[in-house]
Amino acid sequence: MEQTISSKLPDLGTTIFTVMSQLATETGAINLSQGFPSFNPPAALIERINWHLHHGANQYAPMPGAPNLREVIAEKTRRLQGRELDIDAEITVCTGATEGLFSAITALVRRGDEVIVLDPAYDSYEPAIDLAGGITRHVPLLLDDNGHDFHPDWQRLKESINDKTRLIILNFPHNPTGAILSAGDLDNLASLVRDTNCYLLSDEVYEHIVFDGEPHRSLLSHDELWERSMVICSFGKTFHATGWKLGYCAAPARLSAEFRKVHQFTTFSVSTPMQHGVADFLESDPSFYEDLPAFYQQKRDHFCALLGESRFRLRPARSTFFQILDYGEISDEVDEQLAKRWTREIGVASIPLTVFCETPFTGTRLRFCFAKDDATLEQAAERLCKL
Ligand code: PMP
Ligand code: GLN
């Protein structure tokens, strides 16, 4: 008789990013769902990786990461966030942010611990919390009166913290809403956690894609928050290379030590030629990421302008490479159902927001990725304008 599996994640299906990308492929739709650029990483970076592939960098890298890569990460953090990181004790290179998040959650969350996430919350957090035996508490972001801007609800967050709260997971610049933290937000957060035992896990993979002249306010920049934080970054977004799966965790030594206990057995170490290639490239061109806001802002503006004649309501994204479109004047269908129907019928795939929420408070909103060449954006917008 076939043995039935008692699943550790009985209610979990396949991630929406796979579902929507697969549907786009099957139907031949323009895929603005899963977030990935339609253009390549810089040629000079590919050349450096190729060079290392041909020059012997093909065996295990050190478990915490290649020292030369940790060195350029430390330099970048010093320059942009004013924080001095000890490369031996405070930086760990990991297999994309996904591994970093999983290792951090596994390292920190114990059975019965509560973890607060802010909805809409990226879909990898809760399964990792579940596997660690933790309990996820969802705190929705607040919508402004204009119905476009999302921001943290500090009052509700404060009310959700109790003796069991072990971890708060933050994600600013925020996927999918593009929300960013204001100058006062970091201080608000500091005052909420000051007399608690909570740790903070900050998913900052869109750190270099913030628009309209706003800075990225990292938890790394705040002395008090830094003491209790693990900050996760990814080179996937920064170098138009989401398939490379290269990221890192920056955390104070005592937290990094716990992170490494898990990382060493989740993956041990990360692709050696990739690490050396990225280290060389960042050393020779440390300002590459400084051009990213202008590059993506131009794409955002182009996409939004193309949709000017459409019936969607929008506010240009503040960060990331995702634009939220409110379809309330076109349809009242549930977002996930509509995203699938429009993929089949209109030929444009998007991501529904309610799948990232405990309660469907995001209503009639879909996320569209604008990290695409202009022709693709124009073709997609033409289809969307017909709705
Ligand atoms: N966090 C967020 C908010 C993301 O959008 C993504 C994916 N783009 C990740 C984590 C995972 O990043 P990576 O591809 O480096 O694993
Ligand atoms: N982070 C990407 C997005 O938001 C998807 C990553 C994935 O497919 N796992 O679209």
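Both ligands and their constituent atoms are indexed starting at 1 by order of listing.
Near Gly96, meaning under 4.0 Å from one of its heavy atoms, ligand 1 places the atoms 15 (O), 16 (O). Near Phe322, the atoms of ligand 2 lying under 4.0 angstrom from a non-hydrogen atom of the residue are 3 (C), 4 (O), 10 (O). Listed by number with element, the atoms of ligand 1 under 4.0 Å from a non-hydrogen atom of Asn171 are 3 (C).
Salt bridge Arg156/Glu159: absent, no basic N to carboxylate O contact under 4.0 Å. Salt bridge annotation for Arg318-Glu214: absent, with no cationic side-chain nitrogen under 4.0 angstrom from a carboxylate oxygen.
Remark: Lys299 fails to qualify as a cation-pi partner of Phe303 under the 6.0 Å distance and 45° angle criteria applied to the six-membered ring.
On a distance-only criterion, Tyr125 and ligand 1 share no N/O pair closer than 3.5 Å. Between Gly35 and ligand 2, a contact under 3.5 Å exists for at least one N or O pair. Between Asn175 and ligand 2, at least one N/O pair is under 3.5 Å apart.
Judged purely by distance below 3.5 Å, without hydrogens or angles, the side chains of Ser21 and Asn31 pair a donor atom with an acceptor atom. For the residue pair Ser218 / Glu204, a side-chain donor-acceptor distance below 3.5 Å is found, with atom types taken as modelled. Side-chain polar atoms of His52 and Gln275 form no donor-acceptor pair below 3.5 angstrom. In the model, His151 has no side-chain atom that pairs as donor or acceptor with a side-chain atom of Asp185 under 3.5 Å.
Put simply, the side chain of Ser350 never gets that close to the backbone of Ser33: no donor and acceptor are under 3.5 Å apart. Side-chain atoms of Ser234 never come within 3.5 Å of backbone atoms of Gly247 as a donor-acceptor pair (strictly under, hydrogens ignored). Checking side-chain atoms of Asp326 against main-chain N and O of Arg313 turns up no donor-acceptor pair under 3.5 Å.
Shortest contact from atom 12 (O) of ligand 1 to any protein heavy atom: Ala97 CB, 3.4 Å. Among all non-hydrogen protein atoms, the one lying nearest atom 8 (O) of ligand 2 is Gln34 NE2, 2.7 Å. Nearest to atom 7 (C) of ligand 1 among the protein's heavy atoms is Lys237 NZ, 2.9 Å. Among all non-hydrogen protein atoms, the one lying nearest atom 14 (O) of ligand 1 is Lys245 NZ, 3.0 Å. Scanning the protein for heavy atoms near atom 2 (C) of ligand 1, the closest one is Asp203 OD2, 3.4 Å. If you check which protein heavy atom lies closest to atom 11 (C) of ligand 1, you get Thr98 OG1, 3.3 Å. Regarding atom 15 (O) of ligand 1, its nearest protein heavy-atom neighbour is Ser234 OG, 2.6 Å.
Within the 4.0 Å heavy-atom criterion, the part of Tyr122 lying near ligand 2 is the side chain and not the backbone. Looking at Tyr206 against ligand 1, only its side chain comes within 4.0 Å, counting heavy atoms. Under 4.0 Å from ligand 2, not a single heavy atom of Met20 appears.
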